[in-house]
2 protein chains.
Amino acid sequence: MSFDLTAYLPYLINRTGVELAAAFSREIAPHGVTLQMWRVLAALHHRDGLRISDLADLTSIDISTLSRLVGKMESRGMVNRRREPDADARVVAVALTPVGRATVRAIVPVARRYETVALAGFTAEEAAALKRMLVRVYDNLGGDALDSAA
Amino acid sequence: MSFDLTAYLPYLINRTGVELAAAFSREIAPHGVTLQMWRVLAALHHRDGLRISDLADLTSIDISTLSRLVGKMESRGMVNRRREPDADARVVAVALTPVGRATVRAIVPVARRYETVALAGFTAEEAAALKRMLVRVYDNLGGDALDSAA
DNA sequence: GCAAGATATTTGCAAATGCAAATACCGTGT
DNA sequence: ACACGGTATTTGCATTTGCAAATATCTTGC
C-alpha cells in the first residue's frame, strides 16, 4: 500500500499551479486585476470576441462564474458584451475595450517575467519538452478513458 | 506584443491541474470524500500526525480553510485532532483514524489509475523527467526571485 | 408553422474560500 | 516572575465558487 506523494504527478502539478497562481496574483493585484480576470484578458488577447462558453474552455473557469466575472469586468470597462443581431441571439461575444487592451499590455511583461523565473535553469529544449509533455497529459485527460471502472 | 497563450507555462499547468482535479473529484465523490479531503488524507498517509501548518504546506490549502476542513473530517471520523500535553500546546497534531486509513486504502488505487491515465504514452523516463522538471519549477518559485521589480 | 428537445447564458442558493482579527500559548530578556 | 514580541490555530466576515434551475433562443421533425 505504499504511495509516494512526493512523486505523484497530480500533487506535483497542483502545488506548482497553486504557487504560481498565488505569486502571480500578488503581483498583478496593484493593477486592479485578479488572476481570474487576467485569465479572461489573456484569452481575449489570444482571440478577441470569444463567447462565454469558449472563454470557459480556454480559462478553465466555470461558466456561471464567468458570466458573473465578465459582468464585473464589463462594469469596470475592461470588456464589453454584445449579442450579434444577425447571428445566434443566444451567444454573447466578449471583446476587449481599449482599457482592457491597455491592461493586457501592462501585464504581459509581468507574465513573461514569471515564466522566465519559473523556467530558470531550463534550456530552451527542456522548457519546450516540459510544455509538450503538459499538453500530452492534458490530452490524455480529455478522452473518456477515465470513465471506465477500475 | 505577441503573447502565445497556448505555449505559456502557467496556462498549461493550470488547465492540466484543473482538469485533473475535476475528473478526480467526480471519481472520489462516491467515497464521500472531496478533493481537498483526499489531499489531507494523502498528506497524512505520507506522514501521520502532522500539524495544521504542515498540512497547509503539503496540500497547498490555506491554513484557515484547513482548520475548518479538518474539523469537518474529524466530525466524520476520518481524523482526530489532539494537542500533545507534554509538547507545545499551541500545535494540533492531526492523525488518521482507522476509518481514515480505510478511506486512503480505498482511494489509493483510484489515484494510481489516474496517474497511469494521465501519463499514458509516456515512457518511464519521460514520466520521471516531467516530474523532475515540475519539482524544479516549484523550487524556482520558492525563493524571492519574484519579489524584485521587473 | 409549431411542438419538443437542444444549446447559451444567467441567476438562486448554499458551500467553500481567504484575509484579517481574535485567541491561546510559547520564549526571551530583565 | 512578568511584560512583550512571536507562533499556531481558530473564528468573523465578505467574496467567490459551482451546481442546478430558470430563461432565452435555436433547430429539427412533422
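Worth knowing before you read on, the calculation uses all heavy atoms, side chains too, and leaves out hydrogens, waters and symmetry mates. Throughout, a chain's letter reflects where its sequence line sits, starting with A, and its residues are numbered from 1.
Residue A:Glu84 contributes atom CD, which lies 16 Å from atom P of C:dA8 at whole-angstrom precision. The nearest whole Å value for the distance from the CD atom in A:Gln36 to the C1' atom in D:dT15 is 13 Å. Rounded to an integer number of Å, the gap from CZ of B:Arg82 to P of D:dA8 is 18 Å. Atoms CE (A:Met37) and C1' (D:dT16) sit 11 Å apart, rounded to a whole Å. The separation between B:Asp62 atom CG and D:dT9 atom P is 13 Å, rounded to whole Å. Computed from coordinates, the A:Leu69 CG to D:dG18 C1' distance equals 14 Å when rounded to whole Å.
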Considering only distance and modelled atom types, tabulate donor-acceptor pairs under 3.5 Å from the side chains of residues 92-99 of chain B, sequence neighbours left out.
| residue | atom | partner | partner atom | Å |
| --- | --- | --- | --- | --- |
| B:Thr97 | OG1 | B:Gly77 | O | 2.5 |
| B:Thr97 | OG1 | B:Met78 | O | 3.0 |
| B:Thr97 | OG1 | B:Val99 | N | 3.3 |
| B:Thr97 | OG1 | B:Gly100 | N | 3.1 |

Less than 3.5 Å apart, which donor and acceptor atoms pair up between the side chains of residues 33-42 of chain A and the rest of the protein, not counting sequence neighbours?
| residue | atom | partner | partner atom | Å |
| --- | --- | --- | --- | --- |
| A:Thr34 | OG1 | A:Met37 | N | 3.2 |
| A:Gln36 | OE1 | A:Arg39 | NH1 | 2.9 |

Distance-only donor-acceptor pairs under 3.5 Å for side chains of residues 120-131 of chain B, two or more places apart:
| residue | atom | partner | partner atom | Å |
| --- | --- | --- | --- | --- |
| B:Thr123 | OG1 | B:Glu125 | N | 3.4 |
| B:Thr123 | OG1 | B:Glu126 | N | 3.0 |
| B:Glu126 | OE1 | A:Arg136 | NH2 | 3.3 |
| B:Glu126 | OE1 | B:Thr123 | N | 3.0 |
| B:Glu126 | OE2 | A:Arg136 | NH1 | 3.3 |
| B:Lys131 | NZ | A:Ala7 | O | 2.6 |
| B:Lys131 | NZ | B:Glu115 | OE2 | 3.0 |

Below 3.5 Å, can you tabulate the donor-acceptor pairs from side chains in residues 11-21 of chain A to any protein atom, sequence neighbours excluded?
| residue | atom | partner | partner atom | Å |
| --- | --- | --- | --- | --- |
| A:Thr16 | OG1 | A:Leu12 | O | 2.7 |

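Between C:dA16 and B:Lys72, a contact under 4.0 Å exists linking OP1 or OP2 to a side-chain N or O.
Applying the side chain to side chain contact (heavy atoms under 4.5 Å, CB included) test to A:Ser67 and every residue at least two apart in sequence or in another chain returns A:Arg81. Checked against side chain to side chain contact (heavy atoms under 4.5 Å, CB included), B:Ala56 has the following partners two or more places apart in sequence or in another chain: B:Ile63, B:Leu66. Judged as a salt bridge (Lys or Arg N to Asp or Glu O under 4.0 Å), and not counting sequence neighbours, A:Asp57 has no contacts. A:Arg82 pairs by the side-chain hydrogen bond (donor to acceptor under 3.5 Å, both in side chains) definition with A:Glu84, not counting sequence neighbours. Residues satisfying the salt bridge (Lys or Arg N to Asp or Glu O under 4.0 Å) test with B:Arg90, not counting sequence neighbours, are B:Asp88.
Contacts between residues 46-61 of chain B and DNA chain D, counted as heavy-atom distances below 4.0 Å, involve B:Arg51, B:Ile52, B:Ser53.
Nearest approach of B:Ala43 to B:Leu58, heavy atoms of both residues: CB-CD2, 3.8 Å.
Between A:Phe3 and B:His45, the ring planes are tilted. Angles from 30° to 60° get that label.
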Atom pairs under 3.5 Å, N or O on each side, protein against nucleotides 23-28 of chain C: can you list them with distances?
| residue | atom | partner | partner atom | Å |
| --- | --- | --- | --- | --- |
| C:dC26 | OP1 | B:Ala89 | N | 3.1 |

For nucleotides 11-13 of chain D, print each protein N/O atom paired with a nucleotide N/O atom at under 3.5 Å, atom names and distance only.
| residue | atom | partner | partner atom | Å |
| --- | --- | --- | --- | --- |
| D:dG12 | O6 | B:Arg68 | NH2 | 2.9 |

